[in-house]
Structure formats: C-alpha cells, structure tokens
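Report on the structure given below.
Each chain gets a letter, A, B and so on, in the order its sequence line appears, and its residues count up from 1.
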Amino acid sequence: MPPRKSGPSVMKHIVTQLVENALAGLPELAEAASDLSIEDTVERTRDASHGDFASNIAMRLAKPARKNPRDIAASIIDALAESADVSRTEIAGPGFINFHLSPSAFYAELASILQKGDSYGRQPERDAPKILLEFVSANPTGPLHVGHGRHASYGATVGNLLEAAGYPVHREYYVNDAGRQMDILGVSVWLRLLEKQGIAVPFPQGGYRGDYIRDIAAEINIDGVNTVSADAVLSDLPADAPDGDKEAYVEALIARAKTLLGDTGFDQVRQQALDSIRDDIEDDLAEFGVTFDTWYSEQSLTTSNRIDDALNVLKERGMLYEKDGATWFPATDFGDEKDRVVVRENGIKTYFASDIAYHFDKRERGFDHLIDILGADHHGYVTRVRAGLEAMGYGADSLEVELMQFVALYRGGKKVQMSTRSGEFDTLRQLRAEVGNDAARFYYVSRSNDQHLEFDLDVAKSQSSDNPVYYIQYAHARVASVFRQLGEKSLAWNSDNGQKQLGLLLEPQEKTLMTSLSRYPEVVELSANNRAPQHLVHYLRDLANDFHTYYNAHAFIVDNDALRDARLYLISATQVVIANGLGILGVSAPEKM
RNA sequence: GCCCCGGUAGCUCAGUCGGAUAGAGCACCAGAUUCCUAAUCUGGGGGUCCCAUGUUCGAAUCAUGGUCGGGGCGCCA
C-alpha cells in the first residue's frame, strides 16, 4: 500500500509544522534530521501531565547530531515560533518535547466536528491509487458460515476505513462457480430431487449433505429434465466410501448424471442450484450491511478467454515451459517453493491458472492496488499469485493479502462445535438471528485479524454494560435523550452561543472528552493504514467511557444559558463522532434504546 | 522437514514508527441513584509481557536461537 503517512489531523499537523519550522532555522539539526519524518516523531501523550503531544525528535537526533538529547530539545524549543495553538512546551524525561495545546485549539476542533458532521474524520477523496478490495468470496456450495461473517465484517469495515481515508475502493466478491465442485453441487441437488420423486438412491459420502440442498431441489424448475429410474442411476457404479473411494464415486455419479440428463439437462439443475445459493449469500450479506460493487464470476474468466489472455502474456514473456505433458509456471524464479502447473497433462487448466487470470484482470481493469482478504489457510497460496503478477510485469507489491485467522464460538464458557453435519450452530444467518447484526459486526472486528477470534455468544447477546457495543450505542442515544429532555423543558439549544461560551468548560471531564474527540481523525487514519478496525473499536469504547463519566459527574441542562449551550455543544460533537465511528463499523447509532 | 500466525493480569484481548510508571473489558472486592436513561458512574487488589542471547541512550515491540499452540505445504477447488 503506498502512502502510509501524512494525516488529516489538524492538531497533529499544528505540532508537526511547528517542529519542522523550528528545524529549518537550525541547519545543523536539520541536516541530521534529513532522513527523518518529523510527523513520525510526534505522538499523543499517554499521560495528561505530559501535555497533549510529545516529540521524541531530540532523542532520535542525538546520535546523528552527536549531541545530548536534552540540549537538542532546548535548541528546538528556543527556535519554536509563537503559536496561538500552543500554550506551553517543556523538556521532559530523557529528552521529550512536550506540547500543551491551548484551549482554543480544542474549541476549533469541536467547531470543526459540528460543521463537518458526517464528513468529520474523512479525508478528501483522491483519484489514486484505485483499490480493489476482494473479500468473502466463499464457494457458492452452501450458506455462509460464521467464519465468513468475520471476513464480511472485516472486509466491509476496511473498505469503509479506506474510503474515509480518501481512497477510491471497489468491493468485489469472486464467485467460484466453475469446476468440479459445481458438478458436485449439481449432482447433490439432482439426487435430492430423485429422492423427492420417490426414487431411492443412496446419497454419496462426497456430496453436499446439508438440508439446504433439499430446499433447492424442491424449488427449482425441472421442466425438460429427464426422469430416470434408480437402476439407470446406480448400475455399474464403483463403491462409495467406506468400501470404495468417495471421490471416484462422486465422479462416476457426475458422469452418470450428464449421460442421463444430457449436458443441458444437468446444466439446468446445476445452474439453478448455483443461482439459488448465490442469491442466498447475497441476501444474507445485504442484511448484514455488506454489499459489493461486483460479483465476479469464475465462469466468466473462461467465457471471456481471460485465462488464455493471461497465459499468453506469460508465454510472451517467456514465463511458461512444458514438462511431462503439462504447462508450468516457473514460480521458483519469484521466490516460491516450487514451480506450478497451469495446464494439466489432460489439457484442463488448473485453479491457479484461473487465479492468475483473475488477478491479471483486476489490474487490466485499472486497479492499482489489490487487497485480497483470505483465510489463514490460504497463506501458502499468496506467494504464487504474487509471483504470477510479477511475471506479468506488475509490481509484486501491488498485491496485498490480509489473512484472517479462524473464529470459534463460545456459549456458557464452552466451545460450540461447528459442523454442518452435526447440525449445530453453523451459519452466519443463525448467528445474526441470535446476537443481532450490530453485535455481530462489532465483535467480528474487535480483534486483530491475525488473532484467533473467540466469539462469546453470551456477551454478544447480553443487553447490559458487559456488552461494549451497547455501551457505545447508549452513549449516542443518551445525547439524543438529553436533547429530547431539553425540548420537554421547552428549552432550545443555541449552538452559536455554545461555541462562543466554550471557555466555560473547565471541568476535567470536559477537557478529557475534548481531547478524546480530537483524536478521532488520527484513529481513523491509523485504522485505515494498518487495516486494523480494532483500533477504532477500542477508541469508541474509550470515548463512550469519557462521555458516560462526564454525564454522571455533571448535569448538562443547567439553568445558566451560557454554560448549558456550551455543554450541549460538547456533547453534540460527541454524538457526531460516535455516529461517524459506528458508521464505519457498520453498526447502527440509535437515538433511543 | 519447510512456511505463516499467535503466546501480555484469573479469562478475552489492545499496545501504532522502539520511548516516559505496560493498558482495557470481563471476573472479584467495596461504594454511588430526591438529579438529563443505573444499558451508567467511582474506588481497589491483580503482571517472569513464553524462555535465552543480542542490537542501543532506551525492548512487550527489532534480530537470532529455542519452546508451546493453531494453520498451510496437490497436475484439488
């Protein structure tokens, strides 16, 4: 990912700018700092007694400038220009420069929040790099399960974060609707269809056994699909597992289906099954607030000759060779463990060939930066796909892969067994029904993506303070409630007056809340740059805490008009920031709970 | 065997680019409501940051070697 620097935060920029200007007047230090990003030295302080921002630049310059860090800090402070936004600076500890911002800087930030509203924390849109964000891409062979829910939440949230950071983002779902698994799906539905017609055929071990297959069989249009007898289906088939090979058995059944139904007849069953499942997945995700700009069909890669196009590019660049009757891609030239087959001895192209073509097509469609969100079990796959892009002449770093670790559900402190066969908890739909979309979206992104997620159903369901999602939503609703109360008391909020009276906000909780609010743009940027929604989750939790603390400590609807207008100004800004943050997470911000 | 991820409080986890006294929630203990929603708040105890060595002004963070746990290593998709 290209630019990971340079933020939207006005406040941080103020401090960075001051330091940069000071340095410009100190040639010797500026020389030593030539390959240092000044902004990177400026960070929020952890402790309020250290001011609002601190720079460690003096310590980092100590070695190149060969001077004592505290002396360097003193020189820089001397060279700092006067600023209305900074009330005080000091040298602290081993050589930190602490910046205490003036109240007016915070008032300006509050005004910015209310003025910008929905767009507060968002950076201006830019034209490039164009990002293609691919996620979920679950095989259309059955309903989404709880693991896909994590991919969906994470992908949708990262997409929102990137957009907030100003990048053009295109969301895509790659539909694996080609190949053997589609035949297995088709044959599974066909057999359930026969079952429904009273034709007794044992169900293969290697078929898709879920109940949804029966549902599909019941609803599809079978006009023109041949009726057959059990004998016709079963005669001369090899043994199924456990006596025989279940894969070979399924293959034989597929071949039999194609013989008995004809390619068109079988196609009809298979395609309807696919459409039904794909529609179900799309509905499921839409209900979950997760939508895509394109659903990219793997079949279309073949029909548009995209695979041949990609292979031709490789061939022209000398990146294919023949061995043992197969066509190989020299992936080892690009750091992979072994070379990979793209066209098998039997002439069939491998899945890897499709994937090269798919990523080739992504670039050909004009996307500069590709982000794939994949399950951790796909990690071995990353090197070869990247190798393919590189071999076709695209930069290896144009493909970024975020690997998702697995999800385990817990109920009553015990791990819930998840298997389709056992019929226990399994699908995303069930999870959403049980805990609600908001809690699900929230918990799925509350952990780092490379951390296994233990999803505690009891906590996610609980409607109490145990549950961070409600805690945050409640803060938002509470602000709305205060304004309702205001109306009931026939009072009105004078926003302009509030802005003028912000100097009355002298309580420690008010200062804390203002500081937290001003951090929001930095948190959004950090979360976007690191593809790490959990930073935003934690921030919102902290912000809600600051608000609830304030709420409990002080009344907002006070008799003093000036103070009341100012306090309402502050909590109104809080409401905006919480709503914006929850919006990025795909969680609702209720007016009332 | 090789590759990827993780190991931080009793539990679940944050910890950004190496920075000041390592944090949060839950759980546990003790409190708060004549007042805008108690779906709230206040206070408290609780640490071998898996181990070792190294890098340096400074390491939970970086490097190397271990160790434990999860995952991956097809002319499958």
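- Considering A:Thr141, A:Asn176, A:Asn139 in turn, A:Asn139 is the only one that fulfils the side-chain hydrogen bond (donor to acceptor under 3.5 Å, both in side chains) rule with A:Gln181.
- Using a 4.0 Å heavy-atom distance criterion, A:Thr327 is classed as making no nucleic acid contact.
- For the pair A:Arg478 and A:Tyr551, the cation-pi test (distance below 6.0 Å, angle within 45°) is passed.
- As the counterpart of B:rU61, no nucleotide is assigned, since no Watson-Crick or G-U wobble pattern has both distances under 3.5 Å.
- When both pairing distances are held under 3.5 Å, B:rG45 makes no Watson-Crick or G-U pair with any nucleotide shown.
- When only modelled atom types and interatomic distance are considered, A:Gln509 and A:Thr549 share no side-chain donor-acceptor pair under 3.5 Å.
- Taking the P atoms as reference points, B:rC41 lies 9 Å from B:rG25, given to the whole Å.
- Summarising the base pairing, B:rG74 is matched to no nucleotide, lacking a Watson-Crick or G-U wobble pair whose two defining distances lie under 3.5 Å.
- Atom CZ in A:Phe455 sits roughly 17 Å away from atom C1' in B:rC11 (whole-Å rounding).
- Salt bridge status for A:Arg180 with A:Glu247: present, with a side-chain N to carboxylate O gap under 4.0 Å.
- Between the side chains of A:Glu510 and A:Tyr550, at least one donor N or O lies within less than 3.5 Å of an accepting N or O.
- Counting any heavy atom pair closer than 4.0 Å across all strands shown, A:Lys461 reaches no nucleic acid atom.
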Donor-acceptor pairs are to be reported for all side-chain atoms of residues 334-344 of chain A against protein atoms at under 3.5 Å, with residues two or more places apart or in another chain.
unit_1, atom_1, unit_2, atom_2, d
A:Asp336, OD1, A:Arg340, NH2, 3.3
A:Asp336, OD2, A:Arg340, NE, 2.9
A:Asp336, OD2, A:Arg340, NH2, 3.3
A:Asp339, OD1, A:Ala331, N, 3.2
A:Asp339, OD1, A:Thr332, N, 3.1
A:Asp339, OD1, A:Thr332, OG1, 2.6
A:Asp339, OD2, A:Tyr321, OH, 2.6
A:Arg340, NE, A:Lys338, O, 3.4

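- Mapped onto RNA chain B by nearest heavy atom, A:Thr45 and A:Asn449 fall at different nucleotides, with A:Asn449 at the one closer to the 5' end.
- Remark: C1' of B:rC5 and OH of A:Tyr154 are 14 Å apart, rounded to the nearest angstrom.
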Taking N or O atoms only and anything under 3.5 Å, show me the protein contacts with nucleotides 33-36 of chain B, one pair per line.
unit_1, atom_1, unit_2, atom_2, d
B:rC36, O3', A:Gln485, NE2, 3.4
B:rC36, O2, A:Phe556, N, 3.4
B:rC36, O2, A:Ile557, N, 3.3
B:rC36, N3, A:Phe556, N, 3.0
B:rC36, N4, A:Tyr551, O, 2.5
B:rC36, N4, A:His554, O, 2.3

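- Contact annotation: A:Gln451 does not reach the phosphate of B:rU12 (side-chain N/O to OP1 or OP2, under 4.0 Å).
- Among residues two or more places apart in sequence or in another chain, the salt bridge (charged side-chain N to carboxylate O under 4.0 Å, His left out) test is passed with A:Asp52 by A:Lys511.
- Closest to the side chain of A:Phe96, from the set B:rA20, B:rU21, B:rA24, is B:rA20.
- A:Arg46 places its CZ atom 11 Å from the P atom of B:rA60, with the value rounded to the nearest Å.
- Between A:Arg541 atom CZ and B:rC13 atom P the separation is 17 Å, expressed in whole Å.
- Using modelled atom types and a 3.5 Å distance limit, the side chains of A:Thr41 and A:Asn56 yield no donor-acceptor pair.
- In this structure, OH of A:Tyr471 is placed 12 Å from P of B:rA24, rounded to the nearest angstrom.
- The base-pairing partner of B:rC13, taking Watson-Crick or G-U wobble contacts with both distances under 3.5 Å, is B:rG23.
- Evaluation of the salt bridge (charged side-chain N to carboxylate O under 4.0 Å, His left out) rule for A:Glu20 yields no partner, not counting sequence neighbours.
- For A:Asn545 and B:rC41, the shortest distance from a side-chain N or O to OP1 or OP2 is below 4.0 Å.
- Proximity note for A:Arg60 (side chain, C-beta onward) versus B:rC17, B:rA14, B:rC4: the nearest is B:rC17.
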Atom pairs and distances, donor-acceptor, side-chain atoms in residues 58-68 of chain A, under 3.5 Å, two or more places apart:
unit_1, atom_1, unit_2, atom_2, d
A:Asn68, OD1, A:Arg70, N, 2.7
A:Asn68, OD1, A:Asp71, N, 3.4

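- Taking atom CZ on A:Arg447 and atom P on B:rG7, their separation rounds to 13 Å, with Å as the unit.
- Between the CG atom of A:Leu543 and the P atom of B:rC41 there is a distance of 13 Å, given to the nearest Å.
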- Indicate for each nucleotide in nucleotides 70-77 of chain B, in 5' to 3' sequence, whether protein heavy atoms under 4.0 Å reach the base (B), only the sugar-phosphate (S), or nothing (-). SBSSSBSB

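- Only the C1' atoms considered, B:rA60 is 14 Å distant from B:rG6, to the nearest whole Å.
- Here the separation of B:rU12 from B:rC73, taken at their C1' atoms, is 31 Å to the nearest Å.
- Of the C1' atoms belonging to B:rG10 and B:rG45, the separation is 13 Å, rounded to the nearest Å.
- Ring centers of A:Tyr471 and A:His548: under 6.0 Å apart, within the cut-off.
- Residue contacts shown for A:His50 include a base, since a base heavy atom lies under 4.0 Å away.
- Residue contacts for A:Asn98: at a heavy-atom cut-off of 4.0 Å it reaches a base atom on one of the strands shown.
- Using atom C1' as the reference point in both B:rG65 and B:rG58, the two lie 24 Å apart (nearest Å).
- In terms of phosphate contacts, A:Thr383 brings no side-chain nitrogen or oxygen within less than 4.0 Å of OP1 or OP2 of B:rC3.
- Residue contacts shown for A:Ala532 are absent, as no nucleic acid heavy atom lies under 4.0 Å away.
- Across B:rC57 and B:rC51, the matching C1' atoms stand 26 Å from one another, rounded to whole Å.
- Closest to the A:Asp450 side chain, of the nucleotides B:rG6, B:rG19, B:rA24, is B:rG6.
- Between B:rU61 and B:rA9, the distance separating the two P atoms is 15 Å to the nearest Å.
- Atom pair A:Asp47:CG and B:rG23:C1' shows a separation of 13 Å (rounding to whole Å applied).
- Residue-to-nucleotide proximity on RNA chain B shows that, of A:Met59 and A:Leu526, the 5′-proximal contact is made by A:Leu526.
- B:rU55 is unpaired under the criterion used here, namely a Watson-Crick or G-U wobble arrangement in which both key atom distances are under 3.5 Å.
- Comparing B:rA22 with B:rG47, their P atoms sit 12 Å apart, to the nearest whole Å.
- Centroid-to-centroid, the aromatic rings of A:Tyr358 and A:Tyr174 come within less than 6.0 Å.
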